[in-house]
Amino acid sequence: MTPLLVAASASAESALTFRFPERFEEIAATTYDPATGTTLGGGFIRVERSEGGRVRMEAATGIDGGANTRVVAELSTSPDGTGLRLLRQESRSVDVSGQPMGVLEIDHTAGEGRCTGPSLRGAPPETETIPLPDDDRVVNVPLNLLFQPIVLGEAGELRFQILLCAGGPRIVTAIARAAETKATRRDGARLVRIQYELSLPKILSRVFARWLPDLSFWFDPHDAGAWIGHEMPLYSKGPTVLLVRRGFTPALLGFEP
């Protein structure tokens, strides 16, 4: 599932083209507290075919009876038939009290990002919009696909964009690179860890950093770059959790409670 990074043929579409997935599957996962290794709940990542030759990716993670996040990405076959282009991305979260946190949407066809807040005191939720860049490389959801060139040794780093909703909608550039890790499979084969950071001057980075948490992803380069796990807050300023593919453990990823 390695993406090819190419220029878009039209302004109202993503400038990223992903290769077709090698596997269409649902990956069962477990949500852990990274500080203690305690099991918090379940989770999954699902990649499946949908109508019209499209591909749908859906993922969920959360705490049983508490905070959770569900994300969706929809992709279609590129005009030349060689890969997949992003059509839409969406993220919905629920806080620890069970209250919806709002919706983040990215409509690549319309060239627009939308941030819809929660309904307060019964009032209709407010939606703020932002135009996507002409060179639209916004990827909030299928990061497991985006990072494949680094995982498989085809690139040293990747530059992309993300949409942030906290504090008002904004689009920022980020850089992903491989990071040091001791994570392994059960047979001792080394995994790859990817982290990303904002590409901003230091003074601006300090301002934006509170809206962008530290993220880590783990992949198996010996199994076609398969996703193994990731660590991230469930939502802005929310609890940080570790989602791990079944068959792996926090200890294999280097976590020592």
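When reading the values below, keep in mind they use all heavy atoms of this one structure, side chains included, and skip hydrogens, waters and symmetry mates.
- With R246 contributing its side chain and A29 its backbone, the two residues share a donor-acceptor pair below 3.5 Å.
- In this structure, D223 pairs ionically with R23, as a charged nitrogen and a carboxylate oxygen lie closer than 4.0 Å.
- Considering only heavy atoms from C-beta on, F18 stays 4.5 Å or farther from Q148 through its side chain.
- Two residues are said to be in side-chain contact when any heavy atoms from C-beta on lie closer than 4.5 Å; D136 and D134 fail this criterion.
- Classification of R193 and E180 as a salt-bridged pair fails, no side-chain N sitting under 4.0 Å from a carboxylate O.
- Without hydrogens or angle criteria, H108 side chain to L75 main chain gives no donor-acceptor distance under 3.5 Å.
- Using bins of under 30°, 30° to 60° and over 60° for the plane-to-plane angle, the ring pair H230/W227 lands in the tilted bin.
- Using a 4.5 Å heavy-atom threshold, the side chains of K182 and L253 count as separate.
- You'll find the side chain of R137 reaches within 4.5 Å of the side chain of D135, heavy atoms only.
- With rounding to the nearest 0.5 Å, the separation of CG in N68 from CD1 in I63 is 9.0 Å.
- A single hydrophobic cluster is not seen to contain both M57 and V72; linkage of ILVMFWY side chains at heavy-atom distances under 4.5 Å, directly or through other members, places them apart.
- By the criterion of side-chain heavy atoms lying less than 4.5 angstrom apart, applied directly or through intervening Ile, Leu, Val, Met, Phe, Trp or Tyr residues, V94 is not grouped with V103; the two fall into different hydrophobic clusters.
- Two residues are said to be in side-chain contact when any heavy atoms from C-beta on lie closer than 4.5 Å; Y196 and L215 meet this criterion.
- Atoms OG1 and CG, from T61 and L234 in turn, are 5.5 Å apart once rounded to the nearest 0.5 Å.
- Judged by distance alone, the side chain of R186 and the main-chain N or O of G247 form a donor-acceptor pair under 3.5 Å.
- Residues G81 and F20 approach most closely at O-CE1, 3.7 Å, considering heavy atoms.
- One finds the OG1 atom of T109 at 10.5 Å from the CZ atom of R88 (value rounded to the nearest 0.5 Å).
- Among all heavy-atom pairs drawn from T39 and T30, the shortest one is CG2-CG2, 3.6 Å.
- Just one residue in the list L163, T69, N140 forms a side-chain contact (heavy atoms from CB on, under 4.5 Å) with S91, and that residue is T69.
- Note on F217 and V139: same hydrophobic cluster, where clusters join Ile, Leu, Val, Met, Phe, Trp and Tyr whose side-chain heavy atoms are under 4.5 Å apart, directly or indirectly.
- Within the structure, side chain to side chain donor-acceptor pair (under 3.5 Å) contacts touching residues 48-57 (residues at least two apart or in different chains) are R56-E74.
- Cluster annotation: V138 is not connected to V172 through the hydrophobic network of ILVMFWY side chains, with a link wherever side-chain heavy atoms come within less than 4.5 Å.
- Distance check: L158 CG to I150 CD1 gives 4.0 Å after rounding to the nearest 0.5 Å.
- The line from OG of S78 to CZ of R85 is 6.0 Å long, rounded to the nearest 0.5 Å.
- Cluster membership check: I162 shares its hydrophobic cluster with L16, using side-chain heavy-atom separations under 4.5 Å among Ile, Leu, Val, Met, Phe, Trp and Tyr.
- Aromatic rings from F255 and Y32 are positioned such that their centres are separated by 6.0 Å or more.
- For the pair F44/L243, no side-chain contact is recorded, criterion being any heavy-atom separation below 4.5 Å from C-beta on.
- Of all heavy-atom pairs spanning V141 and V71, the tightest one is CG1-CG2, 3.7 Å.
- Heavy-atom contacts from other residues, nucleotides or ligands closer than 6.0 Å to CZ of R177 number more than 12.
- Rounding to the nearest 0.5 Å gives a distance of 11.5 Å between OG1 of T129 and CG of D107.
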- Please step through side chain to side chain donor-acceptor pair (under 3.5 Å) for the pair Q195 and S216, ending with a clear verdict. CA-CA 5 Å; Q195 288 187 307; S216 289; 3.3 Å; yes
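- Contacts classified as disulfide (SG to SG under 2.5 Å) and involving residues 144-193 (residues at least two apart or in different chains) are given here: C115-C165.
- Residues R70 and E58 have side chains in contact (heavy-atom distance under 4.5 Å, counting atoms from C-beta outward).
- Closest of all the heavy-atom pairs between G42 and T31 is O-OG1, 2.6 Å.
- Counting all heavy atoms, side chain and backbone alike, A59 lies closest to I45 at CB-CG1, 3.8 Å.
- In this structure the side chain of T173 never reaches within 4.5 angstrom of the side chain of F160, judged on heavy atoms.
- Taking both residues in full, the closest heavy atoms of L86 and A73 are given as CD2-CB, 4.2 Å, listed atom of the first, atom of the second, then distance.
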